[in-house]
*Asks:* 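Dropping a structure here in structure tokens format, bear with me for questions.
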Amino acid sequence: QVQLAESGGGLVQAGGSLRLSCAASGRPFSSSLMGWFRQAPGKEREFVAAISWDSASTYYSDSMNGQVTISRDNAKNTVYLQMNSLKPEDTAVYYCAADRNTYYSGTAVSTRYTYDYWGQGTQVTVSS
């Protein structure tokens, strides 16, 4: 059974940093596109970042570009999201996602429907 387990969320003051982790189990994702999304209360789930299977390509939303860095360790089947200079508006549940296919070469990395597996999410709360 495939599982994506996020960790690293919590309460942080504005200007602070957090590093989220997503550990995958049940099958290897070393050849799969992986991404992070977030969903704030009352809002749609939105794209944050994605990374190609070989880390050669990374993709960021306009709103968080320069504020976050996505990385992965295929040997650990884990993807990370380093978030800096956090603002209260970054408060949301952050979700990890993975494509079930391999060697994704499309352009829809920011689309939810590209991803087949999702974690349960980790809460990030930024206080002012």
Side-chain angles (χ1 to χ4, degrees):
Q1 182 180 356
V2 173
Q3 286 189 324
L4 302 180
E6 302 97 336
S7 61
L11 175 64
V12 63
Q13 288 189 332
S17 298
L18 283 174
R19 188 193 194 208
L20 306 184
S21 299
C22 171
S25 61
R27 56 155 279 186
F29 284 97
S30 56
S31 301
S32 297
L33 175 74
M34 297 191 73
W36 287 95
F37 288 71
R38 67 181 183 179
Q39 188 166 15
K43 294 189 176 181
E44 298 264 325
R45 191 170 299 189
E46 65 174 359
F47 171 74
V48 175
I51 186 166
S52 63
W53 67 275
D54 58 355
S55 302
S57 298
T58 54
Y59 311 86
Y60 298 98
S61 66
D62 290 341
S63 63
M64 298 203 82
N65 193 15
Q67 188 184 351
V68 299
T69 302
I70 189 170
S71 60
R72 66 191 296 164
D73 184 338
N74 285 341
K76 296 182 179 179
N77 225 21
T78 299
V79 64
Y80 305 96
L81 187 69
Q82 177 68 43
M83 303 190 295
N84 301 319
S85 303
L86 286 163
K87 305 180 287 289
E89 50 264 44
D90 295 320
T91 294
V93 178
Y94 285 71
Y95 296 91
C96 174
D99 179 13
R100 68 185 303 164
N101 300 303
T102 57
Y103 309 118
Y104 181 82
S105 59
T107 59
V109 297
S110 62
T111 303
R112 289 178 55 183
Y113 305 104
T114 294
Y115 302 87
D116 303 287
Y117 301 109
W118 293 83
Q120 293 298 308
T122 185
Q123 176 71 47
V124 171
T125 303
V126 185
S127 63
S128 57

*Asks:* Got a sec, which residues hit side-chain contact (heavy atoms from CB on, under 4.5 Å) with Q123, two or more places apart in sequence or on another chain?
*Replies:* T91, V93, T125
*Asks:* Drop me the distance from Q39's CD to E44's CD, to the nearest 0.5 angstrom.
*Replies:* 7.5 Å
*Asks:* Go through the structure and list residues passing ring-ring contact (aromatic ring centres under 6.0 Å, His included) with F29, not counting sequence neighbours.
*Replies:* Y117
*Asks:* Hey, are the side chains of M83 and V124 touching, using non-hydrogen atoms and a 4.5 Å cut-off?
*Replies:* yes
*Asks:* Let me know which of Y94, Y95, Y115 forms a ring-ring contact (aromatic ring centres under 6.0 Å, His included) with F37.
*Replies:* Y115
*Asks:* Applying a strict under-4.5 Å side-chain criterion to I, L, V, M, F, W and Y, I'd like to know whether V126 and V68 cluster together.
*Replies:* yes
*Asks:* So which pairs with a foot in residues 47-89 pass disulfide (SG to SG under 2.5 Å), sequence neighbours left out?
*Replies:* none
*Asks:* Under 4.5 Å between side-chain heavy atoms, hopping through other hydrophobics if needed: is there a path connecting L33 to Y80?
*Replies:* no
*Asks:* Got a donor-acceptor contact below 3.5 angstrom from the Q1 side chain to the G26 backbone?
*Replies:* no
*Asks:* About how many Å separate OG of S25 and CD of Q3, when rounded to the nearest 0.5 Å?
*Replies:* 5.0 Å
*Asks:* Considering only distance and modelled atom types, tabulate donor-acceptor pairs under 3.5 Å from the side chains of residues 13-22, sequence neighbours left out.
*Replies:*
{"from": "S17", "atom 1": "OG", "to": "N84", "atom 2": "OD1", "distance (Å)": "3.0"}

*Asks:* Which pairs with one or both residues in residues 36-73 pass disulfide (SG to SG under 2.5 Å), sequence neighbours excluded?
*Replies:* none
*Asks:* Strictly distance-based, threshold 3.5 Å: is any side-chain N or O of S30 a donor or acceptor partner for the main-chain N or O of N74?
*Replies:* no
*Asks:* Other residues, nucleotides and ligands only: do more than 12 of their heavy atoms fall within 6.0 Å of CZ on R100?
*Replies:* no
*Asks:* Ignoring hydrogens and angles, tell me if any N or O in the side chain of N77 forms a donor-acceptor pair with the backbone of R27 under 3.5 Å.
*Replies:* yes
*Asks:* Under a 4.5 Å side-chain heavy-atom rule over Ile, Leu, Val, Met, Phe, Trp and Tyr, are W36 and V2 clustered together?
*Replies:* yes
*Asks:* What pairs of donor and acceptor atoms, side-chain ones from residues 47-63 against any protein atom, are under 3.5 angstrom apart with sequence neighbours left out?
*Replies:*
{"from": "S52", "atom 1": "OG", "to": "D54", "atom 2": "OD1", "distance (Å)": "2.9"}
{"from": "S52", "atom 1": "OG", "to": "A56", "atom 2": "N", "distance (Å)": "3.2"}
{"from": "S52", "atom 1": "OG", "to": "S57", "atom 2": "N", "distance (Å)": "3.0"}
{"from": "S52", "atom 1": "OG", "to": "S57", "atom 2": "O", "distance (Å)": "3.3"}
{"from": "D54", "atom 1": "OD1", "to": "A56", "atom 2": "N", "distance (Å)": "3.1"}
{"from": "Y60", "atom 1": "OH", "to": "I70", "atom 2": "N", "distance (Å)": "3.0"}
{"from": "S61", "atom 1": "OG", "to": "S63", "atom 2": "OG", "distance (Å)": "3.3"}
{"from": "S61", "atom 1": "OG", "to": "M64", "atom 2": "N", "distance (Å)": "3.2"}

*Asks:* Where the side chain of E6 meets the backbone of C96, is there a donor-acceptor pair that is under 3.5 Å apart?
*Replies:* yes
*Asks:* Counting only heavy atoms not in K76, do more than 12 sit closer than 6.0 Å to its NZ atom?
*Replies:* no
